[in-house]
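First comes the structure, then the notes that go with it.
These values consider heavy atoms only, across backbone and side chains, with no hydrogens, waters or symmetry-generated copies.
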Amino acid sequence: MKLSGVELRRVQMPLVAPFRTSFGTQSVRELLLLRAVTPTGEGWGECVTMAGPLYSSEYNDGAEHVLRHHLVPALLAEDDITAAKVTPLLAKFKGHRMAKGALEMAVLDAELRAHERSFAAELGSVRDSVPCGVSVGIMDTIPQLLDVVGGYLDEGYVRIKLKIEPGWDVEPVRAVRERFGDDVLLQVDANTAYTLGDAPQLARLDPFGLLLIEQPLEEEDVLGHAELARRIQTPICLDESIVSARAAADAIKLGAVQIVNIKPGRVGGYLEARRVHDVCAAHGIPVWCGGMIETGLGRAANVALASLPNFTLPGDTSASDRFYRTDITEPFVLSGGHLPVPTGPGLGVAPIPELLDEVTSEKVWIGS
């Protein structure tokens with residue numbers, strides 16, 4: 001498969017409500033989408049970088065620059081491209097996993113569409129639907145939080161994740177448990193907001209029977225997570241720290257992780273995400289699929305990934321209306337707490353042209 005060119009699109013997707021985490025608040029999701037064009041068709045990729053380097057060192061402007069000037073030209077120079085060749089061909093460029101992952105996703109989508117094969121089938125799906133959780137941002141008040149959580153439970157979400165930070169941790173969790181009971185699957189996500197010195201405070205979450213606490217410490221503090229795991233009872237889940245299958249294996253060996261959140265963009269693409277899944281499965285470590293407020297394109301790929309066998313916990317693969325009033329694809333709709341796994345060629349979904357155009361702020365074509 002020869003790559004004819006790649007179109008980069010900057011899009012701005014208004015959120016239904018501001019989403020606040022320990023590293024900031026978003027009201028609009030600014031995204032970079034890729035359309036890989038080949039002589040036989042096209043494929044779509046979604047870059048999960050954010051507007052600024054807050055969650056990750058990568059960000060939209062930087063991703064666009066490295067794609068335009070380095071990554072895409074490297075693939076255009078090749079006479080035969082497959083998704084499996086993308087990572088080796090781009091290995092000489094250090095870092096930029098999210099940008100590389102988006103490009104691999106677009107190539108993989110084009111390749112699978114040409115062969116009438118779905119993402120789910122290619123990755124190794126064993127389910128036709130996946131259970132869905134929802135991520136609840138930091139709120140101004142606990143009554144507001146309880147109203148929001150109650151609304152999501154009424155919609156049928158089977159797991160609730162609360163974003164936490166110092167000053168917003170024990171009391172919100174206590175309030176949710178008291179209102180909705182111990183049977184609700186509940187977990188928390190700190191997005192690196194704590195230090196090992198906060199272990200006594202984090203131990204105060206132990207009585208609430210949480211599924212896990214996600215990424216409490218800085219992403220490079222793997223040893224700190226191993227020590228924290230010895231000091232608290234709540235299982236430690238790593239997110240930002242897991243940037244590859246090798247990183248997952250190291251964290252497991254050190255005793256720093258009991259559950260892994262797999263985000264394909266963070267590890268460099270869906271093929272590496274599958275390798276992370278396999279490493280964790282081999283060590284008896286359950287995984288779940290995280291979210292980065294994707295459009296229907298990224299959501300389709302995430303749902304396909306979440307249908308692999310070791311994804312035994314509900315992920316952040318929420319319905320389209322969790323974040324967007326209008327998605328750029330046909331919306332994903334929650335049914336019985338689950339989303340269906342797309343079965344069509346490639347991603348199984350495609351942008352609706354007029355909806356995509358409405359949110360596009362810039363287009364750039366990179367051709368050979």
Side-chain angles (χ1 to χ4, degrees), residues 1-13 31-49 60 63-64 66-87 89-90 98-123 264-265 268-271 273 294-305 320 326-332 341-368:
M1 185 173 72
K2 172 66 177 174
L3 190 61
S4 304
V6 173
E7 179 186 75
L8 304 184
R9 279 186 181 247
R10 299 291 289 261
V11 302
Q12 296 185 331
M13 303 276 289
L31 289 159
L32 185 63
L33 302 179
L34 287 69
R35 182 172 64 94
V37 179
T38 75
T40 57
E42 64 182 33
W44 288 90
E46 180 167 335
C47 189
V48 296
T49 49
N60 291 342
E64 180 177 351
V66 77
L67 282 161
R68 290 178 64 173
H69 298 283
H70 300 285
L71 306 185
V72 174
L75 296 193
L76 290 174
E78 298 294 320
D79 291 329
D80 182 32
I81 289 291
T82 65
K85 293 180 179 180
V86 171
T87 293
L89 286 170
L90 302 182
M98 293 178 179
K100 291 175 179 177
L103 189 51
E104 180 196 84
M105 176 183 171
V107 171
L108 181 58
D109 186 33
E111 181 181 339
L112 293 176
R113 288 179 192 272
H115 291 89
E116 295 288 321
R117 186 169 170 81
S118 72
F119 251 66
E122 180 70 13
L123 295 175
Y270 286 87
L271 300 185
E294 289 90 349
T295 71
L297 297 171
R299 196 172 310 277
N302 285 352
V303 170
L305 180 69
S320 295
T326 304
D327 208 337
I328 59 171
T329 66
E330 289 295 330
F332 281 82
V341 178
T343 57
L347 292 171
V349 301
I352 299 170
E354 57 270 25
L355 297 180
L356 179 58
D357 287 342
E358 284 180 9
V359 296
T360 297
S361 59
E362 180 186 353
K363 288 191 295 186
V364 175
W365 173 256
I366 309 165
S368 53

*Does the pair Glu64/Arg10 count as a salt bridge with the N-to-O cut at 4.0 Å?*
yes

*Looking only at heavy atoms, what is the nearest atom pair of Val107 and Ala83, with distance?*
CG1-N, 3.7 Å

*asked:* Quick check for you: to the nearest 0.5 Å, what is the distance between Glu46 atom CD and Leu34 atom CG?
replied: 10.0 Å

*asked:* What I want to find out is whether Lys363 reaches Asp357 closely enough, with some N-O distance under 4.0 Å, to be called a salt bridge.
replied: no

*Could you tell me whether the side chain of Trp44 reaches within less than 4.5 Å of the side chain of Thr329, counting heavy atoms only?*
no

_Any non-hydrogen side-chain atom of Lys85 less than 4.5 Å from a side-chain atom of Glu78?_
no

_Min side-chain heavy-atom separation Val37-Trp365 under 4.5 Å_ = yes

*Do other residues, nucleotides or ligands put more than 12 heavy atoms under 6.0 Å from His70 NE2?*
yes

*asked:* Can you confirm whether Ser118 sits close enough to Pro342 that some side-chain heavy atom of one is under 4.5 Å from a side-chain heavy atom of the other?
replied: no

_To check you understand the geometry: which heavy-atom pair defines the closest contact between Ala300 and Leu347, and what is its length?_
CB-O, 3.6 Å

*Hey, could you give me the CG/CE distance between Leu32 and Met98, rounded to the nearest 0.5 Å?*
12.5 Å

*Could you state the interatomic distance from CG (Leu103) to CG (Leu75), rounded to the nearest 0.5 Å?*
4.5 Å

*Glu7 atom CD, over 12 foreign heavy atoms within 6.0 Å*: yes

_Would you say Asn60 and Thr49 are linked by a side-chain donor-acceptor pair, where the criterion is simply a distance under 3.5 Å?_
yes

*asked:* I want to check something: taking the side chain as every heavy atom from C-beta on, are Lys100 and Leu71 in contact at a cut-off of under 4.5 Å?
replied: yes

*Distance, nearest 0.5 Å, that separates OG1 of Thr38 from CG of Leu3*: 7.5 Å

*asked:* Please give me the minimum heavy-atom distance between Leu271 and Glu104, naming the atom from each residue.
replied: N-OE1, 3.3 Å

